[in-house]
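Report on the following structure.
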Amino acid sequence: MEFPISMVIVRRVKPLPYWIVPILALVVGLVISMMILYVMSGGQTTPYDVLLSIYYGFTNLGLLAKTFALLVIVGIGLLVSFKGAIWNIGGEGQFYMGVLLAAWVALFTGFAFNELIGKTTMILMALLAGAFWALLAALPRAYLNIDEVPVTLMMNYIAYYIIDYIIMARWRERQYGYYRTETIPETTKFQLIEGTTLSIELLLLMITIFVLVWLMFKYTSLGLRIRVLSSNPNLLRSSGISVHLTILMALTISGMIIGMAGAAYLGSVSHNLSYPIEEKTPGYGYAGILVAWLSMLELIGVPIAAYIIGALHTAGINIQIAGAGGAAVVNVFIGSILLTYAVLITISEYKIRIIVKKR
Amino acid sequence: MATQPESSNTFFSSPSKETPIIKLEGITKSFPGVKALDNINLEIYRGTVHALLGENGAGKSTLVKILYGIYTPDKGQIYIDGKPVRIASPMDAIKLGIVMVSQSPVIIDRLTVEENIVLGLEKFNMFAPTRRVRSKIIEVSKTVGVKIDTTTEVWKLSYTQKQLVEIVRGLLLGARVLLLDEAITYLPLEEKSRFYKFIRQFANEGGTVIIITHKIPEAMDVADYITVLRRGKVVGTVPVKNTSIEEIRKMMFGEKSSEITYERLPPGNPGEVLLQIEDLWVKGDFGDYAVRGTSLKVRKGEVVGIAGVAGNGQKELIQAVMRLRHVDKGKIIFENVDITHKTTHFLRLNGVGYIPDLPAKYGVSIENTILENIAIVPTFSSEIINWKRIRALALKMIKEYEVKTPGPETPVKFLSGGNIMKVLVARELTAATKMLVAYNPTRALDEATAIKVRKIIKSKVINENIAALIASEDLDEIFQLSDTIVVMNSGKIVGVFPAEKAKREEVEHLMVM
Ligand SMILES: Nc1ncnc2c1ncn2[C@@H]1O[C@H](COP(=O)(O)OP(=O)(O)OP(=O)(O)O)[C@@H](O)[C@H]1O
Ligand SMILES: [Mg+2]
């Protein structure tokens with residue numbers, strides 16, 4: 001049977017200027033958020049309140065700092081795969097697998113006896129965990145051409161369930177009976193910079209990753225290959241470069257970077273794992289997607305986008321504390337902007353035509 | 001009787017007092033770093049076929065894109081039927097009866113031929129009954145001699161058939177002016193001449209055609225007038241019956257035109273066998289065998305030219321040699337190593353250059369810069385890219401091949417069609433230190449550049465003792481370049497001739513037999 005109506009998507013001959021989309025997405029997304037919040041709160045949260053919170057979010061740098069740094073790392077991680085047109089939606093899973101393995105190092109191995117060794121091992125194991133989790137989606141993508149979007153997305157839930165199970169059934173602390181693990185030893189806690197929520201280790205990690213990824217895209221064949229992967233994989237083939245391997249590397253390096261963010265989160269923000277893990281963070285893996293998109297896939301744009309999204313996150317928490325809406329307020333912002341962005345980017349590059357077939 | 005650009009206005013003496021269907025007045029268009037069109041004045045008359053010629057980057061495509069509303073001119077005025085118009089988009093152009101048929105067909109693969117055409121019409125609130133669409137397609141395909149079932153989905157069509165669908169859509173849109181930008185350059189010879197017949201008929205019935213091609217004889221065959229562009233200026237317009245190939249060449253290339261020759265290039269000195277193909281069987285895109293038991297030898301210091309009509313297995317053979325297509329049976333031996341199961345990467349690291357068919361699709365990445373398009377090939381960079389070295393290499397290539405570009409950092413998509421090809425050819429000839437494998441290595445290049453490229457290939461074969469395996473649909477090219485001519489037909493080699501003994505009629509006969 002054939003449908004009498006079909007939809008065709010055609011690429012525009014003249015796409016809109018590219019910087020319009022992120023700016024417009026932000027503005028339109030925020031207006032939509034204000035309307036949603038106004039209705040949700042039964043008229044209590046006015047657009048004025050929202051603007052005030054946003055102002056608070058953008059100016060409260062100390063509060064913003066940790067979210068900013070984590071978002072920069074996750075954003076860069078996603079950018080690595082997005083640049084190759086590999087859509088890693090699995091940042092959440094890779095992040096939490098990083099958290100899990102870092103917690104394992106801190107709680108159950110002997111490495112915690114020494115600060116430097118402990119922290120380094122945490123970061124290394126988190127890196128491997130993120131890479132491994134991404135690799136599980138990268139292998140079928142590279143060699144069987146199975147779409148990475150649903151696979152990486154599903155892997156997030158698998159990660160949630162594994163970690164929740166481990167917290168509840170294996171690592172649960174005995175003393176008070178809470179649904180959480182013991183707190184990691186002092187030697188493995190990252191050192192906060194006075195007056196902020198940011199730790200020195202996290203800051204260093206962010207800067208190092210930024211510089212390394214910048215070097216990778218500027219000076220290595222791998223970086224160039226990942227970029228050409230998105231613009232013309234046929235050229236990779238005729239040049240004698242393995243498309244499979246390039247896909248594999250793009251996605252695995254992406255997971256590797258995001259996994260490290262997980263270690264930094266454990267070391268400087270949470271200090272333990274608690275059940276249910278998926279509700280304990282603002283969802284860095286998903287917010288990171290927005291960061292990567294708003295950066296227009298330019299490395300320099302990532303910190304800017306992370307600042308904006310981090311500020312909106314703080315603003316959301318502020319509104320939440322003020323009493324409007326449920327726990328989901330933060331996600332109203334993120335969701336509205338991401339959705340607006342997706343719609344805008346689609347209509348800026350493509351025209352959608354509905355065709356009624358006549359027989 | 002070419003004249004200086006300054007006097008080009010007075011040069012054109014209109015054949016009658018009738019109003020030109022298209023008149024361009026002082027059209028100027030600049031892109032960052034280049035003046036693509038500089039004060040163009042041109043008149044085009046109803047019922048004529050008007051050829052636009054000029055070297056690569058002369059501004060031909062820019063000119064027709066302006067007529068089709070893809071670019072808008074910085075200065076100047078377009079008149080249609082004597083009335084000033086502004087063409088801001090292809091929509092505007094089509095409403096004025098101007099339709100462009102592009103090199104890469106813009107039709108939607110998932111829909112059937114009919115649906116595509118109906119869709120094209122509905123955009124303009126024109127509703128053609130399916131019956132009319134069908135009869136028009138049948139009418140046009142009869143003239144052109146290509147059959148199309150209107151209910152098949154487009155992805156199943158051949159390149160020729162897709163081009164035809166585009167033209168039919170244009171005609172049903174009421175096209176009075178057809179713009180063909182190298183649109184039929186890629187067609188096999190025989191279909192090409194049928195297309196030309198159709199174009200002639202369209203003009204005889206009052207239509208107007210502007211056609212861009214690099215083949216001067218073809219332009220002389222089909223066109224009434226030829227306008228030559230050079231560096232964004234009109235060199236002159238001449239009626240075909242009062243001119244000669246030599247004159248047109250002179251207008252196009254100036255002094256360089258004397259270097260154009262189709263004489264056989266000096267012979268190579270074949271030595272030991274470098275590439276050996278034994279009883280090769282390779283499947284095509286649709287699953288049946290495209291190469292059927294081919295055996296072939298290429299020696300160092302020798303050009304082996306594969307002659308054949310497009311679609312007789314040459315493409316698949318070349319791809320199999322480059323290890324880009326699976327070999328079902330048989331063997332490929334390179335430098336005494338069996339490479340049947342080795343990778344393209346292995347060949348690249350062993351000094352093999354490769355010029356694929358459809359350069360923009362397989363040979364370059366148009367979003368990336370010239371530098372990046374060079375650095376991506378493993379021959380030129382290891383894990384860490386030495387940009388200084390790549391840059392020096394790029395500048396050398398740009399100079400030697402006269403690539404028209406503001407600089408090596410320019411994204412390839414901003415170059416003209418022929419200049420994109422030059423980047424590819426320059427890169428691959430530099431990479432070919434032991435062997436060159438190529439399919440239509442001079443396609444989209446202007447005549448002077450094409451001959452220059454052939455000379456460079458031949459000099460590498462003679463002086464650097466490399467081997468070359470070159471398939472080409474252009475027999476002139478095969479005869480000019482080859483030391484050994486191999487004819488391929490239906491996936492088999494049906495004739496092997498030492499170039500000095502090969503006869504054109506015999507080769508042509510074997511090609512279509
Ligand atoms: N979109 C663009 N951006 C920047 N430069 C452009 C653009 N399009 C064309 N050019 C430049 O304008 C000049 C003329 O290009 P055009 O494509 O018209 O040449 P052409 O005569 O069609 O050449 P060819 O025979 O190689 O197709 C070239 O130097 C080209 O680099
Ligand atoms: Mg052109």
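Since the structure is predicted, the reported quantities are computational estimates derived from the model, not experimental observations.
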Exercise for the section: Please look at V364(B) and chain A and tell me whether the side chain, the backbone, both or neither of the residue comes under 4.5 angstrom of a heavy atom of that chain. Expected result: backbone
Handout entry: Where at least one partner belongs to residues 139-152 of chain A, residue pairs that pass side-chain hydrogen bond (donor to acceptor under 3.5 Å, both in side chains), sequence neighbours excluded
Key = R141(A)-N145(A), R141(A)-E148(A)
Completion exercise
Counting heavy-atom pairs under 4.5 angstrom with chain B, the leader among L215(A), L224(A), L222(A) is L224(A)
Handout entry: Contact class of L324(B) relative to chain A, heavy atoms under 4.5 angstrom
Key = side chain
Exercise for the section: Output the option from G223(A), S230(A), S221(A) having the highest count of non-hydrogen pairs under 4.5 Å with chain B. Expected result: S221(A)
Practice task
Side chain from CB out, backbone as N, CA, C, O: work out which of these in Y362(B) comes under 4.5 Å of a heavy atom of chain A, or both, or neither.
Solution key: both
Problem - Toward chain A: residues of residues 378-389 of chain B with heavy atoms under 4.5 Å - result: P378(B), S381(B), S382(B), E383(B), I384(B), I385(B), W387(B)
Exercise for the section: Verify the neighbour count for atom OH of Y307(A): are there more than 12 heavy atoms of other residues, nucleotides or ligands below 6.0 Å? Expected result: yes
Handout entry: Contact residues of residues 231-244 of chain A (partner chain B; heavy-atom separation under 4.5 angstrom)
Key = S231(A), N232(A), N234(A), L235(A), L236(A), R237(A), S238(A), S239(A), G240(A), I241(A)
Exercise for the section: Measure distances from R323(B) to the heavy atoms of chain A and classify the residue's part below 4.5 Å as side chain, backbone, both or neither. Expected result: neither
Exercise for the section: Quick one: list whatever passes side-chain contact (heavy atoms from CB on, under 4.5 Å) with I304(A), sequence neighbours left out. Expected result: I308(A)
Problem - Residues, nucleotides or ligands: over 12 heavy atoms within 6.0 Å of M249(A) CE - result: no
